[in-house]
Amino acid sequence: MWGGRFAAQPASAMQAINASIDVDKRLWREDIEGSKAHAAMLAAQGIITAEDNAAIQAGLDQIAAEIVEGTFQFSAELEDIHLNIEARLTERIGEAGKRLHTGRSRNDQVATDFKLWTMRASREAADGLRVLQKALLKQAEAHAEWVMPGFTHLQTAQPITLGHHLLAYVTMLERDRVRIIGGALEAAWECPLGAAALAGTSYRIDREATAHALGFHAPAGNSLDAVGSRDFALAALSNLSIAITHLSRLAEEIVLWTSPQFGFARLSDAWSTGSSIMPQKRNPDAAELVRAKAARIGADFAALNAIVQKLPLAYAKDLQEDKALTFSAFDNFALSVTAMIGMIETMRFNRETMRAAAAKGYSTATDLADWLVRELRVPFREAHEITGRIVRVAEDAGVAELAHLPLSEFQAVDPRITEAARALLTVEKSVESRDSYGGTAPQRVREQIERWKETFK
């Protein structure tokens, strides 16, 4: 395609490092879509004939059918998906195929294809997160009242409900969806097609027409920026990195919860693996691999950022590597979301074990301090000190829960404490009392579940 300038063939190693068809053949749909819009615009502007346009449109449809059927022969000698499709088009329709590239370059062509792909992949990623949110919501509704320990520093802090805990991830993932969809909208704003190699073109093309035909809001206003920028891909990978971080945190909790030491939950056989020598093992490999995928996606973002940050305007061949990184990130993200959906949908929880764990570590101590403030008007710092002394008494006496400590021991520290205070120190009473908006009380959890159901509609 560019051999007129050269008297010799490129070295085999040069061909190998230069060819990208094994990676960018995934852009075939977007490439054909962009080429059809470009040809239609050229015909409308009188740059090619209506007959040439008709032949191009039919030829591109036939090539799409070949690719779907698996009969299209991809060639590394033709470097990339753009030249592969153009060469096959010329084989099929003759001279008209050679006119398709009028008024454009592979530089604006690949930027357009890549933007279209990223927009579609981002929408699919957001859709996957919605399915995961619904799986989490279903489990939250089934376990709105189940008590479990809430942690800070991975130390028992206060009792919470399992439903409340699961809804935290529904909330995180909603922010992730907003970011991912926002990235797709950012990519959809300006269309690179028509920027040509870097300076625009002398042909009287209609860039508004091609931009709108492809779903962009407007043509890119600067041809250098149009072909030389990949911030849309950086934004997409950044958003995936944040979202997969949230999935990794959930995966880590699944690893902890399903361990014998916690015993909060059990993964189904479909989402567990065994050991080659230890017959008793049930390993949460899928959750562990989601954690690893988070590192991979973050590395893809960092690598693309490192590629782009040193490039002068406009296009440089370094940008050929952008697609491999972006495709990898989206593939790993989709696989991680699918695994998380499967684990969450089939996970079973142990109510008794979680309840017992919630009661450990004197988790209702804050409830006693709150009672002292609310009923006796004790300043909170003083109430904190009184409660701390009572916890030390219980610990010295070997009493595991404050609710089990005799009232006389409470009153030995502060005689104003009554049986009414001690009755509030069960984990069930504790979660019921946390009924401020966004709190863990079962009634608040159910309200949030209904709100999310409406949102999902």
With salt bridge (Lys or Arg N to Asp or Glu O under 4.0 Å) as the test, would you mind laying out the steps for Arg434 and Asp367 before giving the verdict?
CA-CA 10 Å; Arg434 307 292 168 186; Asp367 296 274; 3.0 Å; yes

Please report the shortest heavy-atom distance between [X] and [Y], naming the atom on each side.
| X | Y | value |
| --- | --- | --- |
| Ala314 | Leu198 | CB-CB, 4.0 Å |
| Thr326 | Leu304 | OG1-CD2, 4.1 Å |
| Asp80 | Ser20 | CB-OG, 3.5 Å |
| Val255 | Ala287 | CG2-CB, 3.9 Å |
| Val445 | Gly163 | CG1-C, 4.0 Å |
| Ala243 | Ile180 | CB-CD1, 4.3 Å |

For the pair His165 and Tyr169, name the ring-plane relationship: parallel under 30°, tilted 30 to 60°, perpendicular over 60°.
tilted

Angle class for the Trp257/Phe264 ring planes (parallel below 30°, perpendicular above 60°, tilted otherwise)?
tilted

What pairs with His246 under ring-ring contact (aromatic ring centres under 6.0 Å, His included), at least two apart in sequence or on another chain?
none

Side-chain ([X]) to main-chain ([Y]) donor-acceptor, under 3.5 angstrom:
| X | Y | answer |
| --- | --- | --- |
| Ser430 | Thr426 | no |
| Ser328 | Ala324 | no |
| Arg348 | Arg266 | no |
| Glu190 | Ala226 | no |
| Ser268 | Thr346 | no |
| Asp108 | Leu193 | no |
| Ser75 | Glu77 | yes |
| Arg123 | Ala184 | no |
| Thr455 | Arg451 | yes |
| Ser272 | Asp269 | no |

Sequence neighbours excluded - ring-ring contact (aromatic ring centres under 6.0 Å, His included) pairs with any residue from residues 26-61:
none

Once ring-ring contact (aromatic ring centres under 6.0 Å, His included) is applied, what residue pairs with a partner in residues 78-135 remain, sequence neighbours excluded?
Phe114-Phe232, Trp117-Phe327, Trp117-Phe330

Does the pair Asp22 and Phe74 meet the rule for a side-chain contact (heavy atoms from CB on, under 4.5 Å), with working shown?
CA-CA 9 Å; Asp22 287 344; Phe74 294 100; over 6 Å; no

Glu252 and Arg249 ion-paired at < 4.0 Å
no

Do Gln133 and Arg130 have side-chain N/O donor and acceptor atoms under 3.5 Å apart?
yes

Arg446 versus Gln443, side-chain donor and acceptor atoms under 3.5 Å:
no

Show your working on side-chain contact (heavy atoms from CB on, under 4.5 Å) between Val110 and Leu319 and close with a plain yes or no.
CA-CA 10 Å; Val110 67; Leu319 293 176; over 6 Å; no

One pair to check against side-chain contact (heavy atoms from CB on, under 4.5 Å): Arg355 and Glu352. What are the steps and the verdict?
CA-CA 5 Å; Arg355 196 272 176 209; Glu352 291 74 21; 5.7 Å; no

Any side-chain heavy atom of [X] within less than 4.5 Å of one from [Y]?
| X | Y | value |
| --- | --- | --- |
| His143 | Met148 | no |
| Trp146 | Thr161 | no |
| Leu83 | Arg106 | yes |
| Arg92 | Glu66 | yes |
| Arg179 | Glu174 | no |
| Leu129 | Phe333 | yes |
| Asn239 | Asp176 | no |
| Leu42 | Ile205 | yes |

In short, side-chain hydrogen bond (donor to acceptor under 3.5 Å, both in side chains) pairs touching residues 191-212 with sequence neighbours left out are none

How long is the gap from [atom1] on [X] to [atom2] on [Y], to the nearest 0.5 Å?
| X | Y | atom1 | atom2 | answer |
| --- | --- | --- | --- | --- |
| Leu27 | Glu33 | CG | CD | 11.5 Å |
| Ile242 | Arg175 | CD1 | CZ | 10.0 Å |
| Thr118 | Arg230 | OG1 | CZ | 9.5 Å |
| Asp300 | Ser241 | CG | OG | 8.0 Å |
| Met347 | Leu267 | CE | CG | 4.5 Å |
| Gln448 | Glu141 | CD | CD | 13.5 Å |

With sequence neighbours left out, what residues match Gln57 under side-chain contact (heavy atoms from CB on, under 4.5 Å)?
Lys36, Ala39, Ala40, Asn53

List the residues meeting salt bridge (charged side-chain N to carboxylate O under 4.0 Å, His left out) with Lys429, not counting sequence neighbours, and say none if there are none.
none

For the pair Glu447 and Arg444, evaluate salt bridge (Lys or Arg N to Asp or Glu O under 4.0 Å) and give the outcome as yes or no after the intermediate values.
CA-CA 5 Å; Glu447 289 173 1; Arg444 293 292 181 232; 2.8 Å; yes

Determine, stepwise, if the pair Leu154 / Leu256 fulfils side-chain contact (heavy atoms from CB on, under 4.5 Å).
CA-CA 11 Å; Leu154 203 55; Leu256 292 173; 4.2 Å; yes

Enclosure of Gln309 CD (heavy-atom neighbours >12, cutoff 6.0 Å)
yes

Checking Arg120 against Glu124 for the salt bridge (Lys or Arg N to Asp or Glu O under 4.0 Å) test, could you report, in this order, the C-alpha distance in whole Å, the side-chain angles of both residues, the deciding distance, and whether it holds?
CA-CA 6 Å; Arg120 177 171 59 82; Glu124 291 173 355; 3.4 Å; yes

Check step by step if side chain to side chain donor-acceptor pair (under 3.5 Å) holds for Arg104 and Ser35.
CA-CA 10 Å; Arg104 74 177 184 184; Ser35 291; 3.1 Å; yes

Stepwise salt bridge (Lys or Arg N to Asp or Glu O under 4.0 Å) test for Lys323 and Asp24
CA-CA 7 Å; Lys323 288 167 287 298; Asp24 63 26; 5.5 Å; no

